[in-house]
Each structure stands twice: as C-alpha cells, then as structure tokens.
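Notes for the one structure printed next.
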Amino acid sequence: MNRQSFSNRHMEEKWQSYWAKSRIFEAEIDASKKKFFVNFPYPYMNGYFHLGHTFSLMRVEVFARYKRMQGYNVLFPFAFHCTGTPIIAAAQRIAENEKAQIDILKQMGITTEEVPNFSDPIYWTSFFPKEAMQDLKNLGASIDWRRSFITTSLNPPYDAFIKWQFRKLKEGGYVIKGEHPVVWCSKCSSPVGDHGRLEGEGTTPEETYLIKFDFNGKVLPTATYRPETSFGVTNLWVNPEAGYVEAGVDNERWIISEDMVEKLRAQKHVVEIFRHLKGESMVGERCTNKVTGGQAPILPATFVKSDTGTGIVMSVPSHAPYDYAALKDAQENPRKYGVTSTLVEEIEPISLIKVPGYGAHPAIEIVEKMGIACQEDPRLEGATKEIYKKEFHTGILNENTGKYAGLKVFEAKEKIVSDFMGENKAVLFYELSEEVICRCLTKCIVKIVSDQWFLKYSDEEWKKRTHEALDNMILYPDKVRRQFDYVIDWLKDWACTREFGLGTTLPWDEKWVIESLSDSTVYMAYYAISRYLEDERYGIEATDSFFDYVFMGVGNDEKVARDAHVSVELLRKMRAEFEYWYPFDFRNSGKDLVQNHLAFCLFNHVALFPKAYWPLGIGVNGFIQIDGFKMSKSKGNFYTLRQIHDTYGADVTRLTLMYGGEGLDDPNWDTEFAKSIGSKLEQWRDFALENYGKGRTDIKYIDRWFSSVTNRAIKATLEMMDSTEFRTALQRGYFDLQRYLRWYLRRAGQNRELMDWFILTQTKILAPFVPHICEEIWEKLGGEGFISLAGYPTYDEDKIDDEIERGEEFAKGIIDDVKEILGIAKIRDGSTAYIYTAEDWKWKVLEIVGDKGIGDAMKEVMQEENLRKRGKEVSEFVKRMFSDRISVQRMNEGDVLRDAKDFIEGEVGLTVKVDADYDPQNKRRLSIPGRPSIYIA
RNA sequence: GCGGGGGUUGCCAAGUGGUUAAAGGCGCAGGGCUUAGGACCCUGUCACGAAGGUGUUCGCGGGUUCGACUCCCGUCCUCCGCACCA
C-alpha cells in the first residue's frame, strides 16, 4: 500500500535517464565558474549500501545539488573500498561452506545459485560496487560516475597511486618501523580486531610483568599486574595437575606451563624445550624471592590456570584475595591439597601497602567480610578488582619495600618496574585480561609484531600542523571541533601494514599489505584524474614521476609524459584538473570516523600537500535511527537503501532522511512521515501546475505580506543550506512556506506575478531534496533546461516588511480572540463584534515610558498636560504596563483591522465594527496597544 | 575510568535570561469537503475555565535573579569514541 506508484517510479527513472544522457553531473573544468568539490568516504564493499550510509551520503548529495543551483561547478565523485580482511575472510567462509556466512548473503537477497560465486573475493569486488552504483543511481544521486574505481591491487592505477603515496610518506619521514603487541590468532596468522572475535570484544594487550624467582639456578617466572606486591610474597602457587616444561628461554633456564611456550615465542623470546613435568613435582619445594631474598615454598592451587600467565603464580595473601583464599584452604586442609601441614602453617601474610579504610591486610578483610569460603568462589573476581583499585589509587608502600617506602602505589610502580627489569628480576610480558576467541574458534594470544611499519601520528610537529589545518577548516557542525582537536592530540603511531588481506603491498617491503584505513586518506585527489587512469584506452603508465607531476607539479612534463605513455597535452590537462578541483570543499561521514579516518585524512593531507590543498570542510552526522530505535541487524530493523527505495521511491526516501535530523544528534527515519509526505509532494506538483500563470494583477496588502514572509523564509533557508542544517532548511523553506501559502490563499491572495514567483521559488528550494518531481514541475511549467541547473532562489531584503507582518499577526490574533470568546462565553446568537483599539494616549504613554523604571516613567508621564488630566486612568495603565510587561511597536491598528475586515468577518461569522461609538459595556477602556478590547452582541 | 554529544509537552524536534504553555512535523480527536475517503482544508491536542482567563510543566535536587527550559553547583540516565578495525 505504501509502495510507490508505478507512475512515480517511471517518472523518477525518466529523469535519471535524462540526467545521464545530458551528462549534467559529469564535471569538467570551467574557468568561468567557481568550483565546489564534495565527496563521501567510499563504503566497504562487503554488502549493500544501507540506510545509514544513505543518510551521510544524502548530506553530500543535497549540498552538491544546492551548490550546483547556486552556479558552482560541482564535482561529486564516488568510489568503492575493498581493502582489508572482511571480504577475503567472508569469501573464504563461503568456500568452506559455512552456513552462517551463506545465510548472511541470502538475507541480502543473493540466490542459492549465486552463492558459490562469492567464494572468490574478487567476485565481491565487482558485484557489490555494481549494486551500490545502481542503488545510488536509483536514488537520483548527482554523481560523476566516470571517476569511480575500486581500491586494492585489483585496480593497478589505484595501486600505483597508493604506492606513490607511501613512498612520499616515507621520504617525508612519516613512516617508521617498530614493533607492537596485537591480539593474534595463530591459525589465521593475523591480528584479530573486535570485528573478528566471537568473544572478548574490547580486550587489548595489557602490560604484565614476569617476576623471576630463583629455583635452584632455574627461573620460576610468575606473571603479575602488580610487580610492587612481590615484596609481600609468601609462597608460589602451581597447578599440580597441569603440564609444565623446563625450557631454555633466551639465555636462562625457565620452568613454565606448556601453554606459555607459544606465548613467549610470540613475544620474541627464543624458547627451547628440554623436558616436560607435572606441576605436582614442584609442590613442597622452596625457591628464592629475588626481590626480597626471602624463601618461598611452592604450594598447589586449583585456581591457577595453566593457560593464563606462566602457570605459576606468586602469592601475596595480604593484598590478593585469591591468594588468601587459597592459602586458607591449604592451611585448613593440608592433606586435601597434598602438602605437609608444617609447610603451610609457618606462612604468615606479609603486609606491604597501607590503604585508608583498611587494616594491614586488606585482602583478608574483604574475604572475611564477604564470607568467601574457598578459592573457587566466583566473588573473588570482584574482590580482587576492588582491592586492586583501592590499593593502586590510594595505597602507600610500607617500610618493608625498602627505598620505595612512603610512595604511593601508582607513583612507585613505574620506578619499581624499571628497577626490576634493570636488575633482571622482572620481564615485561603482554597478556589478555579476558579470553579472546577468534571467529575461527581459536583462542587468541598476544603477539609482538616486529618489523611493523607505522604512520608516525605521534609526531608533535605533524600534530601541530594538523591542528593548523583544522583551524582553517569549516566544520559542519562546528561542535565537532573539540573532538577533532582531542583526537589529533590523542593519536599514537598507527600500524599501517598487515600480513593478510586485500590491498596494496608496501612498495619497499612487499611482504606487507597496506592497511585499509591507511590507503584511504588522500584518495580524493585521485578523483581528479581517475577517469583517465581507469580508462584503458588512454594506456597511461602511472609512474611515480607521473603522480609527482600531477599532484606536486614537479618534473619535466615532456619527460614525464614519455615515461607515462601519455601525451603532454593530456598530462598537463590532468595537472590542471587537480589544480582546479583541489582541495575538496566538503566531505561528510558519520561521527564514528572522526577518531580515525577523518583525522587520518587531515594528517596525510598535511604530510603530502602544501597548505593550499588542505581540506576546506568536513561534515559529521549521527547514526540513523528507525522510528526512534537504533538500526541493527539483531533488532531486525536493518534496512538497505534498496529495500527503502523499493518501498518509498527516491524522492520520498531522500526527503524523509533529510527531514530526519541534523547536527550530531542521531537522525530518525520516521516511517509515518515517509508514508505521508509523498502525497504532499504530489499535491504541490498539482497546485503548481494548476496555479502557475493565473491570478489578478493588482497589489493588495496581503500580497505584500506574502512577499515579505516568503522573502524572509528564503533568507533563512539560504543560511541553513549553507551550514548543511538541512532539516531546519526544510522547516523554513518548505513547511513554513507551505503554511504561508495556505494563509495567503485563505486571505484570497492570488496575485499572478507573486504566485508565479512563489511557485518557482518553492519548487527550486525543494529541488536539491526531491529533484525528480521538481524536474517534472519545472518541465511542465516550461522551465528552460533542468531545474537541477536552474538558479537557486534569492531574496530581496527590501521586501521584508516587519510592520506588515506584525499587522497580519495582529489581525490573526483578533480572529483567535473573537473565536475564543465565542467558545467560552457560549455565545450562539451574536451578530456583531465590536473591536475597540487602544486610544492614542495609551500609545503615547508607551512611547514615553520606553525602557525606564516605573518611578521615572510615572513621573515623566505625568508631566504631560493631556495625560495628567486623566490622572488615575493613566497611572493604572502605567502600572499595568509594568506588571504585564506590555511593549508593542507602533502600528495603526484601526487601518489593519479595516483592511482585513471582510476576511475577519468571514472567519468569525460576525459583522465587524472597528472603533464604533457604540460601547454599551464600556469596553474601550480595557483596550491596550496590541490588544484591542472586544464586545460581542 | 577518559574525551565528546544529548536528556523539552504522545513521538521526532525548535528554543540559551522576560513577548514560551513553549515553532514545525508526525500521530491523535472534532468539523468541513465528499458517494466514500487512508486525499485535501479548518480547529483542537498539559489541566481547568466564569468574555479573550487561571494553574502546573521542559531528567532529578539545590542555588543565582524581580524573573530560568535558558546561568551556576550537584546528581541520575543515555548516545559516540577510546584504535590497529571497516
């Protein structure tokens, strides 16, 4: 039922094909016009274009159409992102016949027969771009499709461009080599981000320390987040059931859990296994705490997990609830835990941190207080967190910590760590605080990726210049500026290469693939020339010197042209195109991209281009909601552009989105609005066609009013369009205008010239939002060419007339008042409304009072001879002025009412008499400026 | 926890010291037009009402002010981000 009618669809397709045929969105250099270059972050091609994309895109689209109508030469290109792992991983899952992945495709409308095609990642990169392009064409987007492309090595010219970009970055010192810890799946041999996880979202590698205990010349390493507590170790824990190994680690001999071997190797340790042993074989032995020199027995504990840390845990019962609970278990029931009672009896908790609100042994206190009975109690987790937090933030180290005594824990930690590491008592080790499971079901570990390449976003000088770029930009809305500034400061080095995935290989180290957020930072420049590079007929060989010439203006054009197999003319033309279009004027995305893509975009422009080519404007918006709820696949309210378009058609989809919201708030797709707005547009079309060229020629009062409010609305609309506040623009330029029109018609206004102007104005204002139906109107009205290229409305300040608008408001208020009186007083048989406007002297008082205080005002008023005569009446009026805060601008109320008399009479169904002498209830007395008194009889 | 947005009358939302019971849209109700209407037009939509009035509202609690949705303090809730990922 809500499905758009066939004729509408037909109409929209008609205009889309006219636009395509006339190539009006294919932007070419035109020196006579100012350019305006808008763009949109290319979407990732693992699915259809969805409604969230569409909202962000529509902001670009509406802005593009608006600027085009204002006479700018607008470039709006579009491309498709294929870099990274999701496509390749999904294709692999299809190849493996994974049901979940097949279902995802089927839900998108892919048929069973087509599914096998998707086992090839390359198929994705041709299928989805094609689909997205069609969807956007169906939406009526004013895109120059000649410039489209896909990313990755599948597209050699783009591949060459990215290689060029990275060589430039390297030359500039922006790419550095280093290492860093990542969450790693050894089966996939790749880092596993949140998207690729079944479990453990948000978990990142955390720094822990392996504290080394001496065990007869061998090392027993224990992992801890709290190296400072090694001063309070009473014993070690091992899991008697677990498997351990004795192994050569770097140049020492360690005993560690079997699981630890792989983890150590992943963190750049050399590990050679000598023998395997059970945990129980160590139980009862003693080792030496290298920090304190004290002895620590090795005790068994079931809470020790062999796949966490080293499988050996140092016990600090005074400050670690787990340790105390386990110690208590062992002491109370030594046989059960396989230890001799003499071994455990002698163990005394050692306090080393003073914490406000606790005694010497916080862990003991909390365990007892919570009534935790044994080491298997799940509440130990919470108790541990609580104690850790308290001790870290408020704890002070005891005298038994030697030179660290008296320091706060958080102050001492760094010192302790560096001292211990320097004295070979501890080693840094990354661990995951929670289990992370890769989508392939493998448990992830931390790997230190070495040989890794980074974009050096930590560079202070680079940050400074990026701030400078930001300072010179227009942000839509400006509110995001703080967030941008924050992000620029916060960004650290970004690992810009991957071992796996689609993309461009790092030119000087081909085993690496450039990571997907790093190959998408300055490609907007590539749009300037993509149509030549992407077209094989030109046969251009995209060398570095070619890009240097086009983007940097360096090199000898004849030599460059020869090397690139291109004519000098075309080469110069490409350079000219870049110089003409760049920098871009507006790029828009969702607010989630501020902290990565958009910030990277700024950084990289700053690194590669002179100031003149730094971005001019960036827009950011919230996330689409569907009838007030977040759009998500799991909620079942996830919509692709295609689904929405099929239901509502292009114009309704566009208008509903743009009326859904603006600024940083989440815009809302209002289904009820979408259902109702189509017929309103058709109504406008019918009205326009029916009324254009009709009407009287004389100018009446109400015509001047109509002209005034319309000009005022145009002015407001222009401001809103300029700041991309499209929702408010529609409010002013469409809904307000329609209200004015209704009132005008009700007031029997129908001046031909004015009405024609209004019809064109309204249609043009709507055109960026609903271009199809506006083209239709434009054509039928005999407009020249396309409305898409027609001039945007302008306003005439001289036509804006405050007084006339106030007068109309005044008259309208009178109608409302009369109606209200009729209703409340239940007057059925009234025939005449007597309206008494305020007498002159009241206006005079108003004038004299101005903005004076009540005392001065009274004094001054009474100095007037005429007023003093009225004494009491005047003083009462003055008092009332203050109590009711009366302030009205002068207006000839009588004239206004007399002019609108017929209308008012029609509206209220009474004869109207203005300022008649007849005043049986002495109502005139009550009139005040702006508020005539009324008597109905 | 840190940084940044928000919390307004059924819903979406405008409003940053007084002309605000608070724009507009949607929804809802009544009336008109009409064979009919989910199309269109008008009216109403916090409560009450005695001639155009009065009362109570803008997450919650305080404060400043003649006066606060609007300024200050506190508090609760919510959205986005906190990375190696699109």
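Only this structure's heavy atoms are used, side chains among them; waters, hydrogens and symmetry mates stay out. Chain letters run A, B, ... following the sequence lines, proteins first, then strands; residues in each count from 1. Please read these numbers as outputs of a predicted model, since none were measured by experiment.
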Nearest-nucleotide pick for [X], side chain only, options being [options]:
X	options	value
A/Glu672	B/rC79, B/rG27, B/rA51	B/rG27
A/Arg931	B/rA83, B/rG52, B/rC85	B/rG52
A/Asp670	B/rC80, B/rA83, B/rC26	B/rC26

*May I ask you to say what A/Leu822 touches in the nucleic acid, namely base, sugar-phosphate or nothing, with a heavy-atom cut-off under 4.0 Å?*
nothing
*Touch check for A/Gln731, heavy atoms < 4.0 angstrom, all strands: base, sugar-phosphate only, or nothing?*
base
*What string of B, S and - do you get for nucleotides 41-50 of chain B, 5' to 3', if B is base contact, S is sugar-phosphate-only contact and - is no contact with any protein heavy atom under 4.0 Å?*
SSS-----BS
*Tell me, with the steps shown, if A/Asp919 and A/Lys923 meet salt bridge (charged side-chain N to carboxylate O under 4.0 Å, His left out).*
CA-CA 6 Å; A/Asp919 184 8; A/Lys923 286 275 186 187; over 6 Å; no
_Residues in salt bridge (Lys or Arg N to Asp or Glu O under 4.0 Å) contact with A/Asp666, at least two apart in sequence or another chain_ = A/Lys591
Counting only Watson-Crick pairs (N1-N3 plus N6-O4 or O6-N4) and G-U wobbles (N1-O2, O6-N3), all under 3.5 Å, who is the partner of [N]?
N	answer
B/rU57	none
B/rA39	none
B/rG81	B/rC2
B/rG17	none
B/rC11	B/rG25

N/O contacts under 3.5 Å, protein versus nucleotides 4-7 of chain B?
residue: B/rG4; atom: OP1; partner: A/Arg482; partner atom: NH2; Å: 2.5
residue: B/rG4; atom: O4'; partner: A/Gln483; partner atom: OE1; Å: 2.8
residue: B/rG6; atom: OP1; partner: A/Lys479; partner atom: NZ; Å: 2.0

